[in-house]
Amino acid sequence: MVTIEREGGDPLPYEGVWRFTAPAVDASVPQARHAVRDLLLRQGVPVADEVVQGLLLIVSELVTNAVRHAALLSPILAVEVAVGAEWIRVSVEDNHPYRPTALENDYGRTGGRGLLLVREITREAGGACEVEHTSTGGKVIWAALPLKPAQTC
């Protein structure tokens, strides 16, 4: 197992916050997922594959929700990735004032389970997620997962 130590409080080389905007259209879903994946690789974030896969699924679900439910009032959405020594946090922000809640599992429905999935992935990873209002009247939905370094031989 890789152990990462911080000396003197200096940030690790991969720590930082990155933000990008995208139109609230279907094509932004895979583009956001790929951008987050590429960012983690480019920054050399030492993260286990299962954490990356969960994180990318969360990004897909949150961007999809913004495209489907907020595009009319928020034609642009923002994706933010924050990487610390022990956590990775992704958030999706839009300007729509509606604050969604995770729906109860209704096995008769074919949709409406995105936030349930986000909450479950986050819970299983030992992370946290939340929906918050922004100062501009919109919302941001975020999920933070523990940074579990990739196993090395």
Side-chain angles (χ1 to χ4, degrees), residues 11-150:
L12 295 166
Y14 56 81
E15 287 185 90
V17 178
W18 297 267
R19 183 177 176 92
F20 61 90
T21 59
V25 297
D26 290 337
S28 293
V29 177
Q31 290 171 352
R33 187 176 56 247
H34 293 141
V36 171
R37 182 198 63 211
D38 294 347
L39 172 70
L40 296 176
L41 288 171
R42 186 175 60 251
Q43 292 305 120
V45 180
V47 61
D49 286 341
E50 67 268 10
V51 175
V52 172
Q53 294 309 313
L55 194 68
L56 297 179
L57 185 52
I58 289 169
V59 168
S60 291
E61 290 296 331
L62 295 181
V63 173
T64 296
N65 281 354
V67 168
R68 287 188 182 161
H69 304 295
L72 185 61
L73 295 178
S74 184
I76 301 293
L77 57 91
V79 177
E80 185 174 279
V81 179
V83 181
E86 298 178 7
W87 289 85
I88 298 175
R89 181 180 188 251
V90 294
S91 62
V92 175
E93 182 178 334
D94 63 59
N95 290 321
H96 196 291
Y98 174 69
R99 181 181 167 139
T101 58
L103 302 175
E104 294 300 318
N105 230 352
D106 179 353
Y107 296 103
R109 292 182 60 167
T110 57
R113 296 192 186 111
L115 285 180
L116 282 174
L117 183 59
V118 168
R119 288 189 191 278
E120 186 61 22
I121 292 168
T122 304
R123 184 191 63 76
E124 285 182 6
C129 62
E130 190 59 61
V131 179
E132 298 174 351
H133 290 287
T134 64
S135 61
T136 59
K139 68 183 163 304
V140 62
I141 304 174
W142 60 265
L145 303 181
L147 179 62
K148 296 178 184 174

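As the structure is a computational prediction, the values presented were derived from the model and not from experiment.
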Atom pair CD (Gln31) and CG (Asp26), whose distance is rounded to the nearest 0.5 Å: 11.0 Å
Reported OG1-to-CH2 distance for the pair Thr122 and Trp142, which is rounded to 0.5 angstrom: 9.0 Å
Euclidean distance, Ile121 CD1 relative to Cys129 SG, rounded to 0.5 Å: 10.0 Å
Ile141 backbone acceptor or donor facing Ser91 side chain under 3.5 Å: no
From Arg119 atom CZ to Glu124 atom CD, the distance as rounded to the nearest 0.5 Å: 14.5 Å
Minimal non-hydrogen separation, Tyr14 against Gln43, with atom names: CB-O, 3.2 Å
Donor-acceptor pair between Glu80 and Trp18 side chains, under 3.5 angstrom: no
Which atom of Ile58 lies closest to which atom of Ala143, heavy atoms considered: CG2-CB, 3.9 Å
Nearest non-hydrogen partners of Ala32 and Val79, listed with the distance: CB-CG2, 4.3 Å
Whether Glu15 side chain and Ala85 backbone form a donor-acceptor pair below 3.5 Å: yes
Heavy-atom closest contact (Leu145 atom, Gly54 atom, distance): CD1-C, 4.5 Å
Residue pair Asn65, Leu115: steps toward the side-chain contact (heavy atoms from CB on, under 4.5 Å) verdict: CA-CA 9 Å; Asn65 281 354; Leu115 285 180; 3.8 Å; yes
Nearest heavy-atom neighbours spanning Leu147 and Gly84: CD2-O, 3.6 Å
